[in-house]
Engineer: 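Can you read through this structure? Questions will come right after.
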2 protein chains.
Amino acid sequence: MAKPNIMVVDDEKNICELLRLYLEKEDFDVTIVNNGSDAIALIRQNQPSLVLLDIMMPVIDGWEVCRQVREFSSVPIIMLTAKGETFDKVMGLDLGADDYIVKPFDTKEVVARVKAVLRRSSSADTEGEVRYDKLTVNIVKYELCVDGKVIDTPPKELELLYHLAKNPNRVYTRDQLLDEVWGFEYFGDSRTVDVHVKRLREKLEGVSDQWSLKTVWGVGYKFEVKTP
Amino acid sequence: MAKPNIMVVDDEKNICELLRLYLEKEDFDVTIVNNGSDAIALIRQNQPSLVLLDIMMPVIDGWEVCRQVREFSSVPIIMLTAKGETFDKVMGLDLGADDYIVKPFDTKEVVARVKAVLRRSSSADTEGEVRYDKLTVNIVKYELCVDGKVIDTPPKELELLYHLAKNPNRVYTRDQLLDEVWGFEYFGDSRTVDVHVKRLREKLEGVSDQWSLKTVWGVGYKFEVKTP
DNA sequence: GCCTGATTTCACAGAATATTAAAAAAAAGA
DNA sequence: TCTTTTTTTTAATATTCTGTGAAATCAGGC
């Protein structure tokens, strides 16, 4: 299993670095963002495993970030709050936060809570799954779900889509895709990839404007996720 | 033995979190659901060890959830009731609840009752058993029960069905099944699996539309459970 | 606007996979 | 041991998927 990626969102840089220090020691990948709008864009793009989100931030505060993120993602979110905010206040607002931690916090506690929330959210149902607006690709169930409906999909197509969607916005050449999806010992025409992309596009067209299977002319293909 | 999984069903999120806190401290896995219909779907899918079920919920109340769950599962259920509901009122309705707790409750009491009900219900006759709508597979009794009738089933077939049904929706390749059901030292043709699946299908066809033994073309087989 | 090479699209043949029936082999029971 | 049941193998059939080449279309450079 790959390292979970934790995104830390806080405008105070020294707090970010402190968290990075402790989280990396526990073998998490850490991404730091210092403002709300960047956070929203990056969560959409990178699909982190968990977000640590400070409430008190200029321009867009943590509440608003949480609310907006919940419109497109169910990534676990832990709120970092000032002293005085009670459980009810933070969790009762129905913004979809998964836990909260009161500042000034004990770093051990943060790590413990991150692990607890991760444990909870990694249920058997979402194992091997990527989700975007109206799209779910699950490689354990071998199931493609478009707009709530399960679409019968041949294995190679599903594996290709999973691979691309798992790494959004990253361009792959046809040869890379043949290596990584078909297996490196496979020798075949790179037209093969085109045909599978075409067949996927038929299944996916017009479903959402949040993402698409894009051609990068002269290079290859990518699963593009829009950042509004 | 794996951690028991407790499902908490309550529309009040802070109560859920409180229960989670205490139950996780006692080394239970906790799943939280905030409404009745999700609860029914998830119980069907995940087969928790025990359900803590609030009666007062919007849309579908706890009584109705209990009644519907009992149509396909014998999972132990503890009802969470408002003050004033007497034992007779709650348990006398014959909806199949196993115990009840009056709100506001003492968390210690909840934990104690959960443990008590679990102890009771882990009796010899539900051990090693999976249940779905009109289907019970028991690996201890080596018994397959379809639509209330016991069906004579050879051991390998039963073991295969048990393995698949115990891990619903997950695809297994033929080789995985040979490893996990026949044993890893077994060397045989993977067509063997097909033949057993065919014979199981004969026994199971048309019994329920809630589940089925699905072929995943190019990959293997899965026991698929529909989420209504 | 025209040329060039890249991409899309299509249809079909052949490859790969799944189903089924039936026979052979193995195991269990009488 | 003989019979019965279960399991495995085999092989024929049915099904679905995959890759290919050729034509059509498109994007970008000149």
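Naming: A, B, ... by sequence-line order, numbering from 1 per chain. Atoms considered below: every heavy atom in the structure, side chains included; atoms not considered: hydrogens, waters and symmetry mates. No experiment lies behind these values; they were computed from the predicted model shown.
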Engineer: For B:R199 and for B:V219, find the nucleotide of DNA chain C with the closest heavy atom, then tell me which residue's nucleotide is more 5'.
Structural biologist: B:V219

Engineer: Could you tell me how far apart B:L161 (CG) and D:dT7 (P) are, to the nearest whole angstrom?
Structural biologist: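 B:L161 atom CG is separated from D:dT7 atom P by 13 Å.
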
Engineer: Between B:T215 and C:dT17, is there a contact of a side-chain N or O with OP1 or OP2 at under 4.0 Å?
Structural biologist: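 So the side chain of B:T215 is outside the cut-off, no N or O lying under 4.0 Å from OP1 or OP2 of C:dT17.
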
Engineer: Measure the angle between the two terminal helix axes of the helix from C:dG1-D:dC30 to C:dA30-D:dT1, five base pairs each, and quote it to 10°.
Structural biologist: 40°

Engineer: Students often get this wrong, so: under 4.0 angstrom with heavy atoms, is B:D194 touching a base, only sugar-phosphate, or nothing?
Structural biologist: base

Engineer: How long is the line joining CG of A:L200 and P of C:dT7, in whole Å?
Structural biologist: 17 Å

Engineer: Tell me: CZ of B:R174 to C1' of D:dT9, nearest whole Å?
Structural biologist: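 Spelled out: CZ on B:R174 to C1' on D:dT9 is 15 Å.
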
Engineer: Considering heavy-atom distances to DNA chain D, does B:W217 or B:K156 have its closest nucleotide positioned more toward the 5' end?
Structural biologist: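 Comparing both residues, the 5'-ward one is B:K156.
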
Engineer: For DNA chain D, whose closest nucleotide is more 5', that of B:F187 or that of A:E157?
Structural biologist: B:F187

Engineer: Of all the nucleotides listed (D:dG21, C:dT19, C:dC10), which has the minimum atom distance to the side chain of A:K198?
Structural biologist: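 In terms of side-chain proximity for A:K198, the closest of D:dG21, C:dT19, C:dC10 is C:dC10.
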
Engineer: I need the minimum non-hydrogen distance between B:P48 and B:V51, along with the two atoms involved.
Structural biologist: CG-CG2, 4.0 Å

Engineer: Picking from D:dC17, C:dT7, D:dT8, which would you name as closest to the side chain of A:R191?
Structural biologist: C:dT7

Engineer: CG of B:D189 versus P of C:dT20: gap in Å, rounded?
Structural biologist: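 My rounded result for the distance is 17 Å.
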
Engineer: What are the two closest heavy atoms between A:M57 and A:G62, and how far apart are they?
Structural biologist: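 Looking at all heavy atoms of both residues, the shortest contact is CE-N, 4.1 Å.
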
Engineer: Are the side chain of B:D189 and the backbone of B:T192 linked by a donor-acceptor contact shorter than 3.5 Å?
Structural biologist: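 Absent.
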
Engineer: Take atom CZ of A:R20 as the centre, draw a 6.0 Å sphere, and report whether it contains more than 12 heavy atoms from other residues, nucleotides or ligands.
Structural biologist: yes

Engineer: Given D:dT20, C:dT7, D:dT7, which nucleotide is nearest the side-chain atoms of A:V195?
Structural biologist: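 My answer, after comparing the listed nucleotides, is D:dT20.
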
Engineer: Does A:R174 use its side chain to pair, donor to acceptor, with the backbone of A:D194 at less than 3.5 Å?
Structural biologist: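 Answer holds: no.
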
Engineer: Whole Å only: how far is the CD atom of A:E205 from the C1' atom of C:dT9?
Structural biologist: 13 Å

Engineer: Between atom CG in A:D152 and atom P in D:dT16, what is the gap in whole Å?
Structural biologist: 10 Å

Engineer: Measuring to OP1 and OP2 of C:dA6, would you say a side-chain N or O of A:Y221 lies under 4.0 angstrom away?
Structural biologist: no

Engineer: Using a cut-off of strictly less than 4.0 Å, decide whether B:W182 has a side-chain nitrogen or oxygen near OP1 or OP2 of D:dT7.
Structural biologist: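 Result: no.
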
Engineer: Can you tell me if B:Y186 touches the phosphate of D:dT8, counting only side-chain N or O atoms and a distance under 4.0 Å to OP1 or OP2?
Structural biologist: yes

Engineer: Please check this pair: side chain of B:N34 against backbone of B:D10, looking for a donor-acceptor N/O pair closer than 3.5 Å.
Structural biologist: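 Yes, the answer is positive, given that a donor and an acceptor are paired below the 3.5 Å cut-off.
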
Engineer: Starting at atom CD of B:E159, determine the distance to atom C1' of D:dT8, rounded to an integer number of angstrom.
Structural biologist: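 Those two atoms, CD and C1', are 15 Å apart.
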
Engineer: If I take atom NE2 in residue B:H196 and atom C1' in nucleotide C:dA21, what distance separates them, rounded to the nearest angstrom?
Structural biologist: 16 Å

Engineer: Taking atom types as modelled and ignoring hydrogens, do the side chains of B:D175 and B:T173 form a donor-acceptor contact shorter than 3.5 angstrom?
Structural biologist: no

Engineer: For B:F223 versus B:L164, what's the shortest heavy-atom pair and its separation?
Structural biologist: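 The answer is CB-O, 3.5 Å.
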
Engineer: Would you indicate which nucleotide in D:dT20, D:dT6, D:dT8 comes nearest to any side-chain atom of A:T192?
Structural biologist: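 Nearest listed nucleotide: D:dT20.
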
